[in-house]
Amino acid sequence: MGFGKGDHLHLIDGSAYIFRAYHALPPLTRKSDGLPIGAVAGFCNMIARYVDGNGTSSDAPTHVAVIFDHSSKTFRNDLYPLYKANRPELPEDLRPQFPLTREASRAFNLATIEVEDFEADDIIATLAHQARDAGGRVTIISSDKDLMQLVGGGVEMLDPMKNRRIGPDEVAEKFGVAPDRVVDVQALSGDSVDNIPGAPGIGVKTAALLIQEYGDLDTLLARAGEIKQPKRRQVLLDHAAQILISRDLVRLREDAPLPMGLGDLEVRAPEPAVLLDFLTRMEFRTLSKRVAGKLGVEPPAIPEPPAAPATAGAPAPAAEPEAQVPFDHAAYACITDAATLADWVAEIADKGWVAIDTETTSLDEMRAELVGISLCVEPGRAAYIPVGHVTGGGDLFGATAPAEGQMPLAEVLAMLKPVLEDPAVLKIGQNMKYDAKIFARHGIRVAPVDDTMLMSYAMHAGLHGHGMDTLCEQYLGHIPIPIKTLLGSGKAQVTFDRVAVCDAVKYAAEDADVTLRLWRRFKPQLHRAHVTTVYETLERPLVPVLAAMEMAGILVDRDTLSRMSNAFAQKLAGLEDEIHTIAGEKFNVGSPKQLGEILFDRIGVPGGERGKTGAYATGADVLEDITTMEDSQPQAALLAARVLDWRQIAKLKSTYTDALQQAINPETGRVHTSYSIAGANTGRLASTDPNLQNIPIRTEEGRRIREAFVAPPGRVLLSLDYSQIELRILAHIAGIPALKQAFRDGLDIHAMTASEMFNVPLDQMTPDIRRQAKAINFGVIYGISGFGLARNLRIPRAEAQGFIDRYFERFPGIREYMDETIAFAKANGHVRTLFGRRIHTPEINAKGPGAGFARRAAINAPIQGTAADIIRRAMVRMPAALDGLPVSMLLQVHDELLFEVDAGAVDETIARARAVMEGAADPAVALDVSLVVEAGQGPNWSAAH
DNA sequence: TGCGTCACG
DNA sequence: GACGTACGTGACGCAC
């Protein structure tokens, strides 16, 4: 018994495991008595996976311990009473699970350590220290950044979720300094989670810079007076004591009194009787069976409680967490013959649902070729049907041949089509719009569908992304096989058809498996989150509508773009020469860094603010200011003016005239964008590849790009857009009588605002006064601040604040709306639109500047989100309303819908589409303000406006 | 890959 | 009283 050179100690951060397990799993209870055991179940699964992993690892530990926090109060509370003071209260159903997790750890025969008055982190630090001194190696199984200070000299970390090793390089990447200086950086930057104060206004990046420059914290504090930036200098001088306390709080103790020595931690196999007894008492059926199988003993019998009554529709949540059915890649089938596929199809039809996923050669659905299809009908049982895999391609000519043993694509599709189109079989996907488009290109109309991405979006917008990897990790506690491991990355990246079939099976089938598990979890949660209506009316029905719009695409005239590109190229060359002459030297005009150095260092323009990277800011607002310095800085003023011209043209050329030509699909001759439904937190769509929601319009030169978006002969483009929809929604939600009346009277709303605020009669309104009022109106929607308005209008801050105060005075209701919205967000962690869409605001109760962002976002979200809901409702109803007319809906630009229609059907289309749009809130919400839609038409998008 | 910049609503 | 600030997006080029 002992520990020395060649030994390898694993230290498992048990407390972190518990919290991870608790949050990853639904609130499960023990069947027989209702004891909450979700966290214990998750904990056991993680430990079981860990033990299994060691069995097959060539780098298995010789010693291992699981470390827990003893209680929430430690010596750090004596150092700083507010330590961890803003931690939320421990959930009621978690506390009783703590002793059970200790018991679980012991049942797996793992040394289990906790020490009064010390955190788990200190015990880990102490053990790591001892093991290192003894000449052994240490792996800390945790992703807690607070442990990163221990890395180095034979100690490394392993992130158990990402299965990623964390060595000195990874620590340096996170903190910007070597592990031995991490404490210094943390002392400066503080930590809002643990309520460590640090130095106000200094984050990790600034802290790392300072430590890099001065070597260590003590030197930095001793020489703080030398710091150039006045704010930083003052902060360090004023808060030295607080920073030193912070260091004591973050520095881990290496002298925790331990109840055992390293030698006592030798790896021991579990005692089957002890472990199975524990699992049996917890009533973990699946895990008991699995563990018994591994240990080669008979699984224990656990009496099955009486079955719950069957419910209609979606299946009830699994009795045990989904994680209890392991993701076992070996259990996934590869379907290569018709008989097997027929069995699967029969089972799908019988079950009434299937999770489905397609593998293709491209993310662009309009160009992607189908490579394989995966199916899953119950957790853990999934299959992959390869149809388009190839072999070869490595030689000079890249010749390939179809991989052997694949069913013909046509036969597979013919067999699947009946279930895919069967109204009684629900097709479940993750981002189904993608798969539906692939199938549509093969003549299959997939319906009905459910989409786990959209379910998550309806429930969790603002909390996290909704991609499969995120959802799987968050809700299933599992990291799916990264696609990169199959395709590689960068230059060496290949398309999915080049992946060996046996590798593809594991990856593809797992995706369908994950999707099905997510669906079983999310489906019953929708109504508990009160977002069933949102999902059923604003998300799910939008999938086929958007798929049709994207497949239709818009006709773009390549010649027009090409001519414009050439003209831009000439103009750019001329401007570039001129700019170089003015500057007196050649430089890259497109480099903000080089431009800044010329303006501020060489020419000597006063001011010049540096950004995060240390380069001067040279944004349009900065350059515009410089153009006004004709008298004092004539050279710089001229240079700035020409650079602004150059930038505008360069933007138009690279982003629009050049890129759009690339985006024209060779088969259809049209441009097909892709809308992300779950991209923007507020409910807005986002357009990508290419983005057709930011085609220029504000300047004359830019607007000409829209002339390249055309209708084919005999047809016209038709644009319908909501007039002032966000201000109308504001008038309704905040209940502003003057604003509502103005909309009823059909007034120019910005002029009315100006008149009301500045006491100018409408018939004496000047464009400049109206412009200011317009900025204030928008400011209100954005969660106005004096600073922001001042910057926008380029007026003194006090004056801007005066405007805002007057606005609140003249339009009572706005202030109340803002206060109530923020209070709601603080109490509930989310805000809602008029149609019930939830937008989470997790930062609203934060301490730092994040709270300011969150407050403004919370004010804006119900307004922007309600507008987004309204146009979604219109879009969902549009196909039925336009049925029979020779028209296609092509694009959505937040408050505008663009159609392509036969010239003879324009009036009828306008009438029907306008009725849908103006009535889109009905009958769910009766708006106090009517919605007004303006229409325009023409041979191209510019003319249609 | 992150940042600065700029296009849109 | 200080903090940093208009809301929501996506794409491009530069510099690392």
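The chains referred to below are lettered A, B, ... by the order of the sequence lines, with proteins before strands, and numbering in each begins at 1.
- Contact annotation: side chain of A/K612 to base of B/dC3, donor-acceptor pair absent below 3.5 Å.
- Ranking B/dG9, B/dG4, C/dG10 by closeness to the A/T688 side chain, first place goes to C/dG10.
- Here the shortest heavy-atom pairing between A/T627 and A/A641 reads CG2-N, 3.5 Å.
- Using a 4.0 Å heavy-atom cutoff across all strands shown, A/I695 reaches sugar-phosphate atoms only and no base atom.
- Annotation: B/dT5 and C/dC3 have their C1' atoms spaced 26 Å apart (nearest Å).
- Nearest nucleotide to the side chain of A/S654, out of C/dA6, B/dC6, C/dG13: C/dG13.
- Within 4.0 Å (heavy atoms only), A/E726 reaches no atom of the nucleic acid at all.
- A donor-acceptor contact shorter than 3.5 Å links the side chain of A/R706 to the backbone of A/P696.
- In this structure, a donor-acceptor pair under 3.5 Å is absent between the side chains of A/T560 and A/E707.
- Note on A/R856: every side-chain N or O is 4.0 Å or more away from OP1 and OP2 of C/dA6.
- Among the nucleotides C/dA6, C/dA15, C/dG10, the one closest to any side-chain atom of A/S591 is C/dA15.
- By the 30° and 60° cut-offs, the orientation of the rings of A/F600 relative to A/Y616 is tilted.
- In summary, A/D869 and A/R872 do not engage in a salt bridge, as defined by a charged side-chain N under 4.0 Å from a carboxylate O.
- Residue contacts for A/A620: at a heavy-atom cut-off of 4.0 Å it reaches the sugar-phosphate backbone alone, with no base atom in range.
- Nucleic acid contact class of A/I781 (heavy atoms, under 4.0 Å, all strands): none.
- The residue A/A851 sits apart from the nucleic acid: no heavy atom pair falls under 4.0 Å.
- Using a 3.5 Å distance cut-off with no hydrogens or angles, the side chains of A/D805 and A/Q801 do pair a donor with an acceptor.
- In this structure, A/Q864 does not reach the C/dT9 phosphate: none of its side-chain N or O atoms is under 4.0 Å from OP1 or OP2.
- Remark: the separation of the P atoms in C/dA6 and B/dC6 is 15 Å, to the nearest Å.
- In DNA chain C, runs of at least 3 consecutive Watson-Crick or G-U pairs, each pair with both distances below 3.5 Å, span B:1-9 with C:7-15.
- By the 4.0 Å N-to-carboxylate-O rule, A/D191 lies close enough to A/K145 to be salt-bridged with it.
- Taking every side-chain heavy atom of A/N588 into account, C/dC14 is the closest of C/dC14, C/dG10, B/dC8.
- Here A/T618 does not reach the OP1 or OP2 of B/dG4: none of its side-chain N or O atoms lies under 4.0 Å away.
- Comparing atom distances between the A/N691 side chain and each of C/dC7, C/dA11, C/dG8 picks out C/dA11 as nearest.
- Using cut-offs of 30° and 60° for the angle between ring planes, the A/H460 and A/H466 rings count as parallel.
- Between A/R698 and B/dG9 there is a side-chain polar atom (N or O) within less than 4.0 angstrom of OP1 or OP2.
- Contact annotation for A/F778: no contact, since no heavy-atom pair falls under 4.0 Å across all strands.
- With salt bridges taken as basic N to acidic carboxylate O contacts below 4.0 Å, none links A/R728 and A/E918.
- Between A/K205 and the phosphate of B/dC3, there is a side-chain N or O to OP1/OP2 separation shorter than 4.0 Å.
- Between the side chains of A/H672 and A/E365, no donor-acceptor pair is found at a separation under 3.5 Å.
- Here the side chain of A/H894 is nearest to one of C/dA6, B/dG9, C/dT5, namely B/dG9.
- The base of C/dT5 is paired with the side chain of A/R797 by a donor and an acceptor separated by under 3.5 Å.
- Both A/A680 and A/F787 sit near DNA chain C, but only A/F787 has its closest nucleotide nearer the 5' end.
- Distance from the side chain of A/N860 is smallest to C/dG8 among C/dG8, B/dA7, C/dA15.
- Contacts of A/A867 with the nucleic acid, taken as non-hydrogen atoms under 4.0 Å apart, are absent.
- Contact annotation for A/G783: no contact, since no heavy-atom pair falls under 4.0 Å across all strands.
- A/G590 comes within contact range of the sugar-phosphate backbone alone, with a heavy-atom separation under 4.0 Å but no base atom that close.
- At B/dG9, none of the side-chain N or O atoms of A/R684 fall inside 4.0 Å of OP1 or OP2 (strictly under the cut-off).
- If you check every strand for non-hydrogen atoms under 4.0 Å, A/T655 touches sugar and phosphate atoms only.
- Among the atoms of the strands shown, only primed sugar atoms or phosphate atoms (P, OP1, OP2) are found under 4.0 Å from some heavy atom of A/I697.
- When distances are taken from the side chain of A/F853 to each of B/dA7, C/dT5, C/dC12, the shortest belongs to C/dT5.
- In the set B/dG4, C/dA6, C/dA11, B/dG4 carries the atom at the smallest distance from any side-chain atom of A/T613.
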